[in-house]
Amino acid sequence: MAQLNMVQAINQALADEMARDDRVVLLGEDLGRDGGVFRVTEGLQERFGPERVLDTPLCESAIMGAAVGMAAYGLRPVPEIQFMGFTYSAFEQLFAHAARLRSRSRGRFSCPLVVRTPYGGGIKAPELHEESTEAIFCHIPGLKVVVPSGPYSAKGLLLAALRDPDPVLFLEPTRLYRMIKEEVPEGDYQLELGKARLARKGSAVTVVAWGSMLERVLKSVDGYDAEVIDLLTLNPLDLETLLASVQKTGRAVIVHEAIKTCGLGAEIAATLAEEAMLHLRAPILRVTAPDVPVPLAKLIDQYLPGPDRIRAALDEVLKY
Amino acid sequence: MPEEILATFQIKRLSVLNENGSADLSLMPELSADEIWRMYQLMVLARCFDERAVSLQREGRLGTYPPIRGQEAAQVGSAFALKASDWVFPSFREMGAHLTLGYPIPQLLQYWGGDERAQKTPPDLNIFPFCVAVGSQIPHAVGAALAIRYRRDPAAVVVYFGDGATSKGDFHEAMNMAGVYQLPVVFICQNNQWAISVPLKGQTASASLAQKALGYGFEGVQVDGNDILAVYRATLNALEKARSGAGPTFLECLTYRMADHTTADDAGRYRSDEEVALWSGRDPILRLERFLAASGAWTPEQGRVVKDEAIALIDRAVGEMEAAPHPSPAELFDGVLATLTQRQAEQRKGR
Ligand SMILES: Cc1ncc(C[n+]2csc(CCOP(=O)(O)OP(=O)(O)O)c2C)c(N)n1
């Protein structure tokens with residue numbers, strides 16, 4: 001099996017699926033000739049032609065809106081938004097149309113598209129290039145939200161997303177693009193959407209993470225009897241896996257790089273409190289960014305949760 | 001009659017200096033010799049700033065930086081026409097305009113070094129922060145123009161953006177509103193021919209960007225953006241028109257980004273060396289030098305002095321930028337809200 005980084009794994013998933021299914025069409029800024037600003041789509045326009053890998057004008061709302069029309073017509077568009085911060089100008093199309101076309105048309109039309117966008121902090125890029133606002137998207141019914149944590153999950157989840165009958169937001173943790181190499185099977189394999197992964201077994205505390213925080217968490221839990229859950233799909237949540245783990249450990253720490261208020265940690269904590277109250281032995285803690293906009297490079301390390309804060313939360317819940 | 005012609009239109013292109021630096025005297029703007037010399041100094045300052053910023057980035061002393069090489073005339077020439085009471089809404093690539101308006105150089109460097117604190121414009125400059133989301137500053141400019149009109153102030157608004165931004169809905173919505181209300185705003189598009197890897201013909205099927213203004217009911221002019229005298233003249237006219245209540249203008253400054261899109265980009269992947277060479281021959285600084293030299297007002301020796309002065313100024317600014325203390329984590333919270341929420345206040349204390 002080949003050792004690939006996440007950029008290569010995503011590129012392979014796109015190429016394989018485009019070869020298998022001629023309905024798959026990529027569209028976005030700079031993804032053709034340039035191969036994308038992170039080179040994720042490198043070589044795809046050469047291989048599949050400019051009709052299937054469209055360099056669009058600079059217009060996120062039209063990219064998203066056009067993808068809705070393409071999907072309703074029977075294609076499988078994969079709109080790329082160059083950075084998560086620029087999905088904001090496409091909100092109307094994503095929220096008011098992509099996510100609700102099926103329900104608005106009572107099933108007459110559906111919207112099977114996969115929005116790909118780099119997300120998350122730690123790459124010392126300009127403003128709006130390191131956003132982690134996944135919770136906003138999880139709040140929208142009709143939209144699935146998926147976050148791989150490494151090359152293997154990236155390929156398997158993307159292949160599943162590309163075959164999903166509904167719109168999927170596929171968030172690619174930018175910090176991990178070239179950080180981790182893993183064995184990635186050449187052929188076709190899918191990781192079921194809505195299923196979390198047990199990244200590490202333990203019995204004293206459950207740590208929940210996703211995206212680039214998973215790597216930080218795994219580095220921080222040495223010496224703790226911690227079970228680590230890699231969420232992979234943020235909406236819908238894999239409650240079964242979460243509850244089974246917390247019922248066993250009785251403690252939970254949720255780590256995310258988004259800000260605290262109304263972050264996805266709040267949803268997870270509330271659900272655990274509702275469903276597993278009698279198993280809990282300690283308050284559920286969240287380790288998050290502070291409630292401020294993502295800073296520029298000089299303070300990004302202070303903003304993102306680091307090992308010290310993760311370990312402090314583990315120590316805290318283990319006191320109970 | 002089954003069909004009538006409802007509209008026909010013409011789009012003008014303005015240039016004052018040709019490529020050899022000789023001027024059409026009938027179009028010369030009113031400028032003293034000292035003022036033209038000042039423009040020259042500012043273009044050189046902008047070029048030196050840019051070169052230094054790129055090398056600081058390569059040394060790891062600045063973060064990602066978007067070079068302006070080739071766009072100095074469009075930026076300096078337009079900003080030179082502004083009055084202190086006018087308002088400016090930049091994109092992220094107007095360092096030449098900032099330098100012209102007297103923006104502190106250490107602060108410009110500090111911004112690209114990733115320091116939050118640099119986003120605070122000095123109180124005597126009506127300049128909005130750099131705008132990274134392409135085109136989203138254009139509606140803000142229209143809003144400021146509405147406010148100017150409401151308060152009956154004798155001011156105008158300038159908004160800068162690139163050719164790529166003209167594809168955004170924000171551009172069209174803002175242009176339309178400015179036309180409907182006939183607002184005192186000057187839209188300055190620096191058409192540097194590329195939006196990262198997508199050339200102009202990948203953004204628009206129209207023959208010029210300037211003609212888009214006609215659809216919104218006001219004048220659009222294409223200007224030779226490598227000709228500082230033409231840019232200055234067109235901007236001055238548009239500003240006077242705006243201040244006098246005669247409405248908006250759209251200026252398309254036809255120029256070229258000679259460098260990569262940013263220091264994270266490799267333009268060699270998408271454009272030819274011949275194209276870059278062609279535009280290097282149209283360098284806006286060279287053009288003004290030729291114009292000045294023809295009347296004996298410029299010599300290579302004087303050119304060197306101007307450059308040395310600019311470099312000395314930038315050296316000092318780099319020193320000042322690097323002497324600034326690293327921001328503290330508590331500064332993350334500065335300015336998030338006038339009064340922090342209880343949770344923010346606790347987080348600020350490290351809880
Ligand atoms: C809304 C939005 N989409 C995408 C980007 C990423 N991006 C930054 S600059 C750029 C190209 C801008 O081209 P143009 O408007 O012509 O200005 P230029 O960079 O050439 O000065 C893109 C796609 C962004 N900053 N904002």
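Quick note on labels: first sequence line is chain A, next is B, and so on, each numbered from 1. As a basis for the values below, the full set of heavy atoms in this structure was taken, side chains included, without hydrogen atoms, waters or symmetry mates.
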Which heavy-atom pair separates A:Glu60 from B:Lys168 by the least distance, and what is that distance? OE1-NZ, 2.7 Å

Whatever's closer than 4.5 Å to a heavy atom in chain A on B:Val198 counts as both

Best-contacting candidate, A:Pro290, A:Pro126, A:Ala62, against chain B by heavy atom pairs under 4.5 angstrom: A:Pro290

So, does B:Glu116 use its side chain to make a donor-acceptor pair with the main chain of A:Leu296 at under 3.5 Å? yes

Rounded to the nearest 0.5 angstrom, the CG-CG distance for A:Leu299 and B:Asp115 is 7.5 Å

Is it true that, when you exclude A:Lys124 itself, more than 12 heavy atoms of the residues, nucleotides or ligands shown sit nearer than 6.0 Å to its NZ? no

Starting at NE2 of A:His129, measure out to OG1 of B:Thr64 and round the result to the nearest 0.5 Å. 8.0 Å

Heavy-atom nearest pair, A:Pro57 first then B:Gly202, reads CG-O, 3.4 Å

B:Arg271 CZ: over 12 foreign heavy atoms closer than 6.0 Å: yes

Measure across A:Asp34 and B:Tyr270 and return the closest heavy-atom pair with its distance rounded to 0.1 Å. OD1-CD2, 3.6 Å

CD on B:Glu346 to CG on A:Asp291, rounded to 0.5 Å: 10.5 Å

Ranked by heavy-atom pairs below 4.5 Å to chain B, first place among A:Asp301, A:Val37, A:Asp55, A:Thr261 goes to A:Thr261

Could you state the interatomic distance from CD (B:Gln347) to OG1 (A:Thr288), rounded to the nearest 0.5 Å? 6.0 Å

With a cut-off of 6.0 Å (strictly less than), are more than 12 heavy atoms of other residues, nucleotides or ligands near CD of A:Glu51? no

Give a yes or no on whether B:Met177 atom CE has more than 12 heavy-atom contacts from other residues, nucleotides or ligands under 6.0 Å away. no

Spatial distance of atom CD (A:Glu29) from atom OG (B:Ser197) [nearest 0.5 Å]: 9.5 Å

Considering non-hydrogen atoms only, spot the tightest contact between A:Glu127 and B:Tyr111 and give its length. OE1-OH, 4.3 Å

Looking only at heavy atoms, which two atoms of A:Arg33 and B:Arg269 are closest? And how far apart? NE-O, 4.1 Å

Answer with side chain, backbone, both or neither: which region of B:Asp265 has an atom nearer than 4.5 Å to a non-hydrogen atom of chain A? side chain

Donor-acceptor pair, B:Gln203 side chain versus A:Leu58 backbone, under 3.5 Å? yes

